[in-house]
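Report on the structure given below.
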Number of protein chains: 2
Amino acid sequence: MFILFSALGVVLVAQHLYFYCHVDNKRSSVVSVDEEPWSPPEILVAVDLVILTLRASAFHVLLIKRGIEPFAGCEALPGGFLNNAGEDILAAALRELREEADLDGTRLHIEQLGAYGAPGRDPRGRVLSIAYLAVAPGLPQPVAGTDASSAEWRPVGHVLSGKVNLAFDHRQIVEDAVERARTKLEHTPLATAFCGEKFTIAELMRVYEAVWDVELDLRNFYRKVQSVPNFIEPVGTDRRPAKGRPARVFRAGSAVTLHPPLVRPESSTGTGEKR
Amino acid sequence: MFILFSALGVVLVAQHLYFYCHVDNKRSSVVSVDEEPWSPPEILVAVDLVILTLRASAFHVLLIKRGIEPFAGCEALPGGFLNNAGEDILAAALRELREEADLDGTRLHIEQLGAYGAPGRDPRGRVLSIAYLAVAPGLPQPVAGTDASSAEWRPVGHVLSGKVNLAFDHRQIVEDAVERARTKLEHTPLATAFCGEKFTIAELMRVYEAVWDVELDLRNFYRKVQSVPNFIEPVGTDRRPAKGRPARVFRAGSAVTLHPPLVRPESSTGTGEKR
DNA sequence: CAAATAGTGTCTGTTAGACACTATGGC
DNA sequence: GCCATAGTGTCTAACAGACACTATTTG
C-alpha cells in the first residue's frame with residue numbers, strides 16, 4: 001500500500017514537471033531528459049560579432065548598414081548563419097570576421113560573449129545567435145572590407161546613447177560587449193589587444209581612458225602598469241616618430257590575469273548609490 | 001569499465017578530428033549571409049546547468065549519474081533540450097532547474113555562462129549547448145529531487161581534480177563556471193547568493209573561503225565588507241542559534257558591483273604566468 | 001567560571017593619487 | 001632657446017594585513 005502510494009506520487013510529480021515519458025521509460029531508474037523518445041526542435045544558429053577598436057584614441061565598434069528586410073536601413077552587427085551543421089561556432093565567427101571586416105582572427109583577441117536566443121528576436125523565425133567579442137588594434141582605413149562594404153566604425157558612446165537604430169537585439173549585445181571589455185580591462189591584459197604588437201605606455205593608457213571614459217594620470221599610470229608582473233615587457237629600444245621625447249616601447253607580457261588589478265575609478269561604473 | 005574508457009577515448013579522438021576538418025572552410029561569400037538564397041542548417045539546442053552551492057561550508061556542484069549511452073556511468077550536468085522551438089533559453093534553464101533539482105530559479109541567482117558548440121561534443125550529432133550558472137544557498141537535503149533522482153552534490157575540488165568522469169565537455173563547462181564564480185565574487189555581490197536571505201558576516205566569509213579556497217581573517221573581513229557601499233545592510237536584530245555571542249544579521253544590499261572590489265589573494269589564481 | 005563566537009582598536013608597511021621636477025627629442 | 005612628450009621623485013592620506021583586546025552568549 002505504501003509503495004503504491006509512493007509510486008503514484010512520483011508519477012504525479014513527474015507529470016507535473018513535464019516528465020510525460022517517465023512512465024514509459026522502463027530502461028532504468030535514472031532519468032534525464034536526453035533519454036526521452038521525444039524529438040527536440042531544430043533551431044537556426046547564427047554568430048554575431050562585436051568588433052571593438054580605437055580610432056584616433058576614441059572607442060569604436062564596427063556596424064553594417066542593412067540593405068534588406070528585416071530592419072532594412074538599420075545598422076547591425078556583422079555576422080551570419082553557420083555554414084553547415086559541422087562548422088564550429090568559433091570557426092564561423094572567424095570566417096565572418098574575415099568576410100565582413102577583412103580581419104585575421106588568429107592575430108586578434110576574440111572571445112565568446114554569450115548566446116542570445118529570445119523567441120521573436122528575429123521576425124523571420126527562431127534564430128539563436130552566438131555573439132563574439134573581438135578586439136582589434138586601431139586600423140588606418142574605415143574598413144578594408146571585402147565587399148563594397150557598408151561597414152563603418154561607429155563611436156561606442158554614440159551607439160549606446162540610443163541615437164543609432166540597431167537591428168534585432170544588437171543594442172543589448174553591444175552593451176554587454178562593452179561592459180565585458182570594461183571589466184576585463186581591469187584584471188586581464190585585454191588593453192594590449194587594442195594596441196599593435198608594440199606600444200608605448202601612453203598608448204596603453206589611452207586605451208583605458210577611451211574604454212573606461214575617464215581621465216588618468218600618465219605619471220601614476222607608468223608605475224602602476226609596470227608594477228604588475230608580466231603585464232607588459234620592454235622590447236628593445238625607443239625610436240618612434242614623435243613630437244617630444246621618444247618613448248620606450250613595450251609588448252604584451254605573459255600574464256593572463258593582472259595581480260594586482262587596475263581598478264577603474266568609481267565614476268565609470270556608476271553602480272553605487274549613496275555614500 | 002575498460003570498454004567504457006575505450007569508447008570514451010575514441011569519442012574524444014573523433015571529436016578532435018572532426019574539429020580540425022572543419023576549421024578551414026572554403027566558403028567565401030561576399031554579402032551578408034542573411035541575404036543569400038541558401039538555407040542554413042538547423043541544429044539541436046540544449047541547456048546545461050552548473051548549480052553551485054555551499055554544503056557544510058564546502059563548495060559543491062550538482063551532478064547527475066547517467067544511466068544510458070552516450071557516457072553511461074559518467075556523471076553529467078543536469079540539463080536537457082529545449083522543449084519546443086518557441087521556448088526561451090533562460091526559461092528552459094529555469095525549467096530544468098526545477099525538474100532536476102527542484103529549485104525555484106526565480107529566487108536564485110542564475111546567469112548565462114556561454115555556448116558550447118564544438119562539432120562532435122555530442123556523439124549523437126550536432127548539439128549546441130547553452131550553459132547556465134546557478135548559485136543556490138546551502139540546502140539541507142542531498143537534493144529534494146523530483147524523480148528518484150540520481151542527482152548528487154559533489155565537492156568542486158574533487159570534480160576539477162580530474163578524478164570524476166564527466167560526460168561530454170562538461171568538465172570544461174564546470175571549470176569555466178567555477179572561474180566565473182571566483183571572479184564575480186571579487187566585484188559583484190554574488191557571494192550573498194550562496195547565503196540565505198539573511199546571513200551573518202562570518203557566513204559570508206565562509207563563502208569566500210570555500211569558493212576561493214583560501215583562508216581569510218574574519219576581523220579584517222568585517223571592516224572590509226562593511227566598508228563597501230551597499231554590499232550588505234544590517235537587518236533588524238541579532239538572535240541566532242549559536243554557541244557563542246549572537247551575530248548581527250545582514251541581507252544583500254542594492255549594489256550590483258563592489259567598489260572597491262574584494263581582491264582575492266594571489267595564491268588562488270595561480271602564478272599569473274601563462275600556462 | 002570556561003569555552004566559544006562576535007566584534008573593535010591599533011599598529012605597520014604598502015599603495016593610490018597628486019603633483020613638482022627632470023629628461024630628451026624636434027624645431 | 002621653446003615646445004612637447006617621456007619619465008622620476010616625493011609627499012600624504014588611505015588601506016590591507018596582523019593581531020591584542022573587549023563583548024556577549026551558553027553551559
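The chains referred to below are lettered A, B, ... by the order of the sequence lines, with proteins before strands, and numbering in each begins at 1.
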B:Arg55 and B:His60: which non-hydrogen atoms are nearest, and at how many Å? O-CE1, 3.6 Å
Residue met sooner reading DNA chain C from 5', once A:Val263 and B:Arg223 are mapped to nucleotides: B:Arg223
Calculate the interatomic distance between A:Phe250 atom CZ and D:dG7 atom C1'; express it in whole Å. 10 Å
Rounded to whole Å, please give me the gap between CD1 in B:Ile232 and C1' in C:dA6. 14 Å
Closest to the 5' end of DNA chain C, once A:Ser227 and B:Arg245 are matched to their nearest nucleotides, is B:Arg245
How long is the line joining CZ of A:Phe221 and P of D:dT8, in whole Å? 14 Å
The side-chain contact (heavy atoms from CB on, under 4.5 Å) partner of B:Tyr208 among B:Leu262, B:Val214, B:Asp213 is B:Leu262
OP1 or OP2 of D:dG7 less than 4.0 angstrom from a side-chain nitrogen or oxygen of A:Arg248, does that happen here? yes
OH of A:Tyr222 versus P of C:dA16: gap in Å, rounded? 18 Å
Measure from the side-chain heavy atoms of A:Asn220 and tell me the nearest of C:dG25, C:dA18, C:dA6. C:dA18
I need the CD-P distance between B:Glu215 and D:dC19, as an integer number of Å. 13 Å
Any side-chain N or O of B:Lys224 under 4.0 Å from OP1/OP2 of D:dC15? no
In whole Å, I'd like the distance from the CG atom of B:Asp217 to the C1' atom of C:dT5. 14 Å
Return the orientation label for the A:His170 and A:Phe168 ring planes: parallel under 30°, perpendicular over 60°, tilted otherwise. tilted
With salt bridge (Lys or Arg N to Asp or Glu O under 4.0 Å) as the test, would you mind laying out the steps for B:Glu197 and B:Arg251 before giving the verdict? CA-CA 6 Å; B:Glu197 169 125 13; B:Arg251 65 167 175 240; 6.0 Å; no
Atom-to-atom span, CZ of A:Arg219 to P of C:dT15 - whole angstrom: 20 Å
On DNA chain D, compare the nucleotides closest to B:Lys243 and A:Leu218; which residue's is nearer the 5' end? A:Leu218
Whole-Å distance, B:His259 NE2 to D:dC15 C1', equals 17 Å
Look at the rings of A:His187 and B:His187 and say which category their plane angle falls in: under 30° parallel, 30 to 60° tilted, over 60° perpendicular. parallel
